Number of protein chains: 2
Amino acid sequence: MTAERSVRLDPRSAVPPFEQVRGQIAELIAAGVLPAGDRLPSVRQLAGDLDLAAGTVARAYQELEAAGLVVTRRGGGTRVATTPPVTPAARGQVLAEYAAAYLTAGRRLAATDEELLAAVQAALRSG
Amino acid sequence: MTAERSVRLDPRSAVPPFEQVRGQIAELIAAGVLPAGDRLPSVRQLAGDLDLAAGTVARAYQELEAAGLVVTRRGGGTRVATTPPVTPAARGQVLAEYAAAYLTAGRRLAATDEELLAAVQAALRSG
DNA sequence: TGTCTTGTATCAACCCCTTGACACAAATAG
DNA sequence: CTATTTGTGTCAAGGGGTTGATACAAGACA
């Protein structure tokens, strides 16, 4: 399951756990990394992996369903919605949002375009 | 004052306001955008600008002082510490962290190096 | 000196997040 | 059908963040 492998909590983050889970899965779906029909780990399973209470993961799943990204059935688990939800957020758009966020943060440091680009290239080489 | 112009709250963020303020100012300092000796806006001033309670901004300032990034004096205001704190985080390192964070997020979407770079270039052109 | 500014401290009140436990409903697997 | 799995609902408890008001302490300023 891609979700188990990909969801990682940042314990130092001020973002509440349920929101980290929700956000990461939402992006995995929007980007097409989690294909329609794919089953997410069970609430208890993911909660155990991330060391969270089941209710916390359940809340993340509920918000994902409310957003139309996911369909849940008791006993049947939670699966990625077949209808690529209204979300016009294709993978490229998600990536574009990430890039834009990077630019916003970098420009707050008064970085030039060249510096911003060079920093990414350097990170690509080292990571 | 650079701080007034640069600190922007994201009301949709799950990150608590005091932490957004603290983090943004910390990065402005670490990156050298706010030079040593520069005076930050007063607690009440910044609180007014950001539509926060004075105590919320005060907490951000307190944590900045605890981190050695800032020196406060009652009646005298809050200024960027002259001693570039232990922080080895030069501007380039902060930028590198941003770039690394971008790569981490992008790779979660299974983006290739080329895509990651292209997305930044596209964002530079459009923004 | 006296006044203004600024940071700090405290308070009660409110809301949100998390936990851990338990029970329940519905689908699946045998 | 039965047992298991899975999502949901509830609950009390505790911790954190925010507000708004008030009061105080200490430097700046005239």
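Everything quoted here is computed from the prediction, not taken from an experiment. Per chain, numbering begins at 1; letters A, B, ... match sequence-line order.
Both A:L52 and A:G76 lie near DNA chain C, and the one whose nearest nucleotide falls closer to the 5' end is A:L52. Each of A:F18 and A:R73 was assigned the nucleotide of DNA chain C with the nearest heavy atom; the assignment lying further toward the 5' end belongs to A:F18. Nearest-nucleotide positions on DNA chain D for B:R44 and B:D51 put B:D51 closer to the 5' end.
Using a cutoff of 4.0 Å between basic side-chain nitrogens and carboxylate oxygens, A:D113 and B:R125 are not scored as salt-bridged.
We find that CG of A:L46 is positioned 14 Å from C1' of D:dG7, with the value rounded to whole Å. Atom CD of B:Q20 is separated from atom C1' of D:dT18 by 13 Å (rounded to the nearest Å). When the P atom of C:dT8 is taken as reference, atom CD of B:E63 falls 12 Å away, rounded to whole Å. Rounded to whole angstrom, the span from the CZ atom of B:R74 across to the C1' atom of C:dT3 amounts to 18 Å. The CZ atom of A:R79 sits 11 Å away from the P atom of D:dT6 (whole-angstrom rounding). In this structure, CD of B:Q45 is placed 8 Å from P of C:dT6, rounded to the nearest angstrom. When the C1' atom of C:dT19 is taken as reference, atom CG of A:L50 falls 15 Å away, rounded to whole Å. One can place CD of B:E65 at 11 Å from C1' of C:dT8, the figure rounded to the nearest angstrom.
Distance CG/B:L46 to CG/B:D51: 11.5 Å, rounded to 0.5 Å.
Taking 4.0 angstrom as the limit, B:T78 places none of its side-chain polar atoms (N or O) nearer than this to OP1 or OP2 of C:dT6. At D:dG17, one or more side-chain N or O atoms of B:R59 fall inside 4.0 Å of OP1 or OP2 (strictly under the cut-off). The phosphate of C:dA9 has OP1 or OP2 within less than 4.0 Å of a side-chain N or O from B:Q62. The shortest distance between the side-chain N/O atoms of B:T56 and the OP1/OP2 oxygens of D:dT19 is below 4.0 Å. Applying the 4.0 Å criterion to OP1 and OP2 of D:dT6, one finds that A:R39 has a side-chain N or O inside that range. Phosphate contact (OP1/OP2 of D:dT6, side-chain N/O of A:T72, threshold under 4.0 Å): absent.
Taking the side chain of A:P16 as heavy atoms from C-beta on, and the options C:dT18, D:dT6, D:dT18, the nearest nucleotide is C:dT18.
A:E115 is listed as a side-chain neighbour of B:R91, based on a closest heavy-atom distance under 4.5 Å.
At a threshold of 4.5 Å between side-chain heavy atoms, the hydrophobic network of Ile, Leu, Val, Met, Phe, Trp and Tyr places B:L124 and A:V94 in one connected group.
Across A:V70, A:L69, A:L40, a single residue satisfies side-chain contact (heavy atoms from CB on, under 4.5 Å) together with A:Y61, and that is A:L40.
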